[in-house]
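Read through the structure below, which is laid out as structure tokens, and then see the notes.
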Amino acid sequence: MLPQRQAHIEAFASRHPGTVYPLAGPLWTRRLFWSGFLICFFAASIHLGLSFERFWRGLGDLGVIMRQMWPPTHHGFWREYIGALGETLAMAFLGTLAASLISLPLGFLGARNVVKSWPIHFGLRRALDVVRGVDTLVWALIFVSVVGLGPFAGILAIALNDTGVLAKIYAEAIENIDRRSSEAVRAAGGTEADVARLAIFPQVFPVLIANSLYFFEANTRSATILGVVGAGGIGYFLADRIRVNAWSDVAFIILLILPTVAVIDILSRWLRGLAQGRQRNAVMR
Amino acid sequence: MLEITALSRTYGNVRALEAVSLSVAPGEFVGVIGRSGAGKSTLLRLINRLVEPSSGEISFNGETVSALSGRELRDWRRRCAMIFQQFNLIDRLSVLDNVLVGRVAMLPRWRSWTMAWPVADRVVAIEALERLGISEHALKRADQLSGGQQQRVAIARALVQEPQLILADEPVASLDPHSTRTVMDSLARINREDGLTVLCNLHHLDLAREYCRRVIGVAAGRVVFDGPIEALDAATIRMIYGEDEA
Amino acid sequence: MTHVSDAIGRVEAARRAQMRRTGWKTLLFGGALAVLIGLSLHQGEVSWTKFITGLPRFGAYIIRILPDLSFATLGADLQGWMWNLPNWLKLLFDTVLIAFVSTVMGAIIAFFLSFPAARNMGFGRVSTQLARRFFEFLRTVPELVFALLFVFAFGLGPMAGVLAITLHTAGVLGKMMSEINETITDRSLEGVIAAGASRDRVIRLGVVPQVAPAFVSYILLRFEINVRSASVIGLVGAGGIGQELMFVINQFIYRDISAILALLIVTVAIVDIVSETIRHRIIASEVSHASATPSAH
Ligand SMILES: Nc1ncnc2c1ncn2[C@@H]1O[C@H](COP(=O)(O)OP(=O)(O)O)[C@@H](O)[C@H]1O
Ligand SMILES: [Mg+2]
């Protein structure tokens, strides 16, 4: 480089640090972050006992399983399998329905603009946090030991966990509602119950429908596995056939589950589209 | 020497460009004029090979560039730098990084992947920004600059490609009059000082009159005029722009 | 006058016609719903007696698992309740690590396949369809099913759980990331292509900087969800706190149930708060940059 060009560049570099030479600060921060990240990742992997050797060996076993999966068969149990699949759908449906019905009044109680006394909605919301914080599968396990094996335990588990989630969504939806219509009802001499029914409910209703459908879709997925802990549905057969290494039956059951879930997805998406009048603002969790 | 022979491009049954032949000598500043939809962009994009020709040939200094592929195609793209109406910068990168994108074809892959640009290349990029008068903004995010400044960043990116040809597709169509002037002046200066060939699409005739010695008139995918700007008469202008616009 | 009565007649007729149409629809919809409910009640083996006997038992169960905490002896009570705290904390730590490792691995798979899975990245239709179907498969198979299979293939312990959550995460994140990639305009891609960049560099320089904040935000969100997943895969022996939880529930060790659940809920809440803070910060910096954009002058 020519000396005067060099001098010019150096002058520019000192006037604008970080242009000609990268700044040391951010560079080292970045290096430190990524090396720390990598160290954490590998330390965690080692701590959890992950290893390539185990991985390759397991992959071999998985290959063996896959070969035994083909061709999928039902060994004469197809009636039971289909029945259990129906049970799965029934669990998802009733669980969602119950959760939707219970969570609507709870949503009103948990909304700050409906219930003015804070201990009520604060207490309710923390209780909902706890209910929501425990996974559906854990609730299912608990309900199995309370009401016994079978789909009833699964329905209760779905209903309870979803109530926790849905009531929170409804409470938030109600709090974010347009307050002018409430005032209009009140100004016309309406009671608080009138306000809830005439001003708030019509605005929350679309949110309710969209979420219930969305949760039905999600619950179909979770209901397929609740049977693993004995809470009804196809999961029971799945876990059992894996336990006895009946791999071709396992494949048959999985091939039964996948299209069912896909069909429910499509159906629910279609119904959600209808309910929202083609608006694209589904409230996701 | 850029030579184009019988170049055509069709989209379905739209003939975007039909049997275009022309040649451009080194160091020329050529304006391509025509109404919108005439095929100006298609012509430039065919030269840079962003669009594949339906038929015909493009050659540069005797090399058939319309048949290049892979690494050679990428090197050809580096040699004919492209400037777009909408600047086509990467909003979330700094101005400097945007300019350095112009160096990708010259640097090893790991440099692009880590964006750890060599100091020598940074210097080239800063000098290009200085030439265009925007080196003060080097570390700003590209989307924080005004339209005229962004277009000058794009010109700097083109410059660091060390091109032999600059293809500018309506570079001032989204700019206000003041920025239009700075951007066109920059292009003219690069053409004059570096001897770079410039092919510039322009919608407006006034700009072509001011900056181009030679213009190519395109109408409905065909070249209907090719010659010095003084030779453009009213009848030809009507042919290029149609009755209503002339 | 005849005009007015004509108009009223027309409006009334239209209203009645609409009532007939929608009324018919409502009836059909209600009927279908009733049939569905009936069928489901039958399939789900629901009955009033079950309900009436079940609810009080659930109440009793909840009361039984609650710890005996009295204000006077709070310290000792807490110590008694959390008697196995070191072991539980270790299991919770493992649970978070399982979520961390599988989120990272799933995100890496999703990242690299999200580009062929996007329709605007210039990969052929075949690769795009393959990548999309692969994501769909990974997404549709429940994590627990993967976990069941992997426990058999890779043995009991966290490895099976990590792999199961990794695959599901790859499926979910892959779909989201490819959708984000599809929001990239051809314009910003062409700026890099025209400079002579090969496809991997076009993606690195033209796409990654634009999508990175959204990717990070979705990965963090998935991490929050994966902590929950990691806490239940233990139910099938795939590591983490789940196995211990299942043991105490099945053995009716009531106090431990509430102790573990309380610790789990607190852990999940902490992870959520930390991750949410980071996500909001990312979003905030995006918004401030967007609003700092000046108009052309
Ligand atoms: N990607 C494309 N697909 C279909 N038609 C196109 C495409 N690009 C350009 N065209 C058509 O080709 C013709 C020429 O377009 P273009 O070269 O963009 O014109 P100009 O730049 O002169 O306005 C127009 O009729 C346009 O509609
Ligand atoms: Mg154009």
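So that the names make sense, note that chain A is the first sequence line, chain B the second, and so on, each numbered from 1.
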* Asked: Side chain, backbone, both or neither: which part of Ile155(A) has an atom under 4.5 Å from a heavy atom of chain C?
  -> side chain
* Of all of Val261(A), Leu97(A), Val228(A), Leu94(A), which one pairs up most often with chain C through heavy atoms under 4.5 Å apart? -> Leu94(A)
* Among the options Ile249(C), Ile265(C), Thr140(C), pick out the one with the most heavy-atom pairs lying under 4.5 Å from chain A. => Ile249(C)
* Heavy-atom distances under 4.5 Å only: say whether Leu97(C) touches chain A with side chain, backbone, both or neither. => both
* Asked: Counting only N and O atoms by type, is there a donor-acceptor contact under 3.5 Å from the side chain of Ser275(C) to the main-chain atoms of Asp272(C)?
  -> no
* Would you mind telling me which of Val104(C), Val141(C), Val268(C) has the largest number of heavy-atom pairs within less than 4.5 Å of chain A? => Val104(C)
* Residue part contacting chain A, namely of Asn250(C), when any heavy atom lies under 4.5 Å -> side chain
* To do: With a 4.5 angstrom heavy-atom cut-off, could you sort out which part of Ile65(A) is near chain C: side chain, backbone, both or neither?
  => side chain
* Part of Thr88(A) within contact of chain C (heavy atom distance under 4.5 Å) -> neither
* Asked: For Leu163(C), is it the side chain, the backbone, both or neither that has a heavy atom under 4.5 Å from a heavy atom of chain A?
  -> side chain
* Asked: With a 4.5 angstrom heavy-atom cut-off, which part of Thr224(A) approaches chain C: side chain, backbone, both or neither?
  -> side chain
* On the 0 to 90° scale, with breaks at 30° and 60°, tag the Phe154(C)-Phe150(C) ring pair as parallel, tilted or perpendicular. => perpendicular
* **Contacting region of Met66(A) [heavy-atom separation from chain C under 4.5 Å]** => neither
* Asked: So which of Val229(A), Leu238(A), Val138(A) has the largest heavy-atom pair count under 4.5 angstrom toward chain C?
  -> Val138(A)
* Can you check whether Trp34(A) and Phe37(A) have ring centres sitting under 6.0 Å from each other? -> yes
* Structure fact -> Given Ala239(A), Ala90(A), Ala153(A), the one with more heavy-atom pairs under 4.5 angstrom with chain C than any other is Ala90(A)
* Asked: chain A heavy atoms under 4.5 Å from Tyr61(C): which part of the residue, side chain, backbone, both or neither?
  -> side chain
* Nearest 0.5 Å please: distance from the NE2 atom of His42(C) over to the CD atom of Glu87(A). => 10.0 Å
* What part of Leu226(A) is in contact with chain C, defined as an atom under 4.5 angstrom from a non-hydrogen atom: side chain, backbone, both or neither? -> neither
* To do: Could you tell me which of Phe100(C), Phe93(C), Phe252(C) has the largest number of non-hydrogen atom pairs under 4.5 Å with chain A?
  => Phe100(C)
* Would one find more than 12 heavy atoms of other residues, nucleotides or ligands at under 6.0 Å from atom OH of Tyr254(C)? -> yes
* **Any side-chain donor near an acceptor of the partner, Ser222(A) and Thr136(A), under 3.5 Å** => no
* Non-hydrogen atoms of chain C under 4.5 Å away: do they reach the side chain of Asp265(A), the backbone, both or neither? -> neither
* **Pairwise distance CD1(Ile264(A)) to CZ(Arg221(A)) - rounded to 0.5 angstrom** => 10.5 Å
* Distance-only, no hydrogens or angles: does the Arg57(C) side chain make a donor-acceptor pair with backbone N or O of Val146(A) under 3.5 Å? -> yes
* **Heavy-atom neighbours of Tyr236(A) OH exceed 12 at 6.0 Å** => no
* To do: Give a yes-or-no answer on whether the side chains of Asn226(C) and Thr169(C) include a donor-acceptor pair shorter than 3.5 Å.
  => yes
* **Val64(A) portion near chain C, given a 4.5 angstrom heavy-atom threshold** => neither
* Between Val147(A), Leu50(A), Val134(A), which shows the greatest number of heavy-atom pairs under 4.5 Å with chain C? -> Leu50(A)
* Is atom CZ of Arg126(A) surrounded by more than 12 heavy atoms (other residues, nucleotides or ligands) closer than 6.0 Å? -> yes
* Answer with side chain, backbone, both or neither: which region of Ile65(C) has an atom nearer than 4.5 Å to a non-hydrogen atom of chain A? => neither
* Asked: Side chain, backbone, both or neither: which part of Arg57(A) has an atom under 4.5 Å from a heavy atom of chain C?
  -> neither
* With a 4.5 Å heavy-atom cut-off, do Phe41(A) and Met105(C) have their side chains touching? -> yes
* Asked: Side chain, backbone, both or neither: which part of Phe93(A) has an atom under 4.5 Å from a heavy atom of chain C?
  -> side chain
* Asked: Crowded around Phe33(A) CZ? As in, over 12 foreign heavy atoms under 6.0 Å?
  -> yes
* Structure fact -> Bottom line for Leu156(A): the part with an atom under 4.5 Å from chain C's heavy atoms is side chain
* Asked: In terms of heavy-atom proximity below 4.5 Å to chain C, should Phe143(A) be classed as side chain, backbone, both, or neither?
  -> side chain
* **Main-chain N/O of Phe216(A) paired with Thr220(A) side-chain donor or acceptor, under 3.5 Å** => yes
* Using the side chain to side chain contact (heavy atoms under 4.5 Å, CB included) rule, take Lys168(A) and Val131(A) through it: C-alpha gap first, then chi angles, then the decisive distance, then the call. => CA-CA 11 Å; Lys168(A) 182 182 180 222; Val131(A) 167; over 6 Å; no
* To do: Under 4.5 Å, counting heavy-atom pairs only, tell me which of Val236(C), Leu264(C), Val162(C) racks up the most with chain A.
  => Val162(C)
* Largest heavy-atom contact set with chain A, pairs under 4.5 Å, which of Leu41(C), Ile257(C), Leu39(C) -> Leu41(C)
* Contact winner vs chain C - Val250(A), Leu59(A), Leu258(A), Asp135(A), heavy-atom pairs under 4.5 Å -> Leu258(A)
* To do: Look at atom OH of Tyr218(C) and say whether more than 12 heavy atoms of other residues, nucleotides or ligands are closer to it than 6.0 Å.
  => no
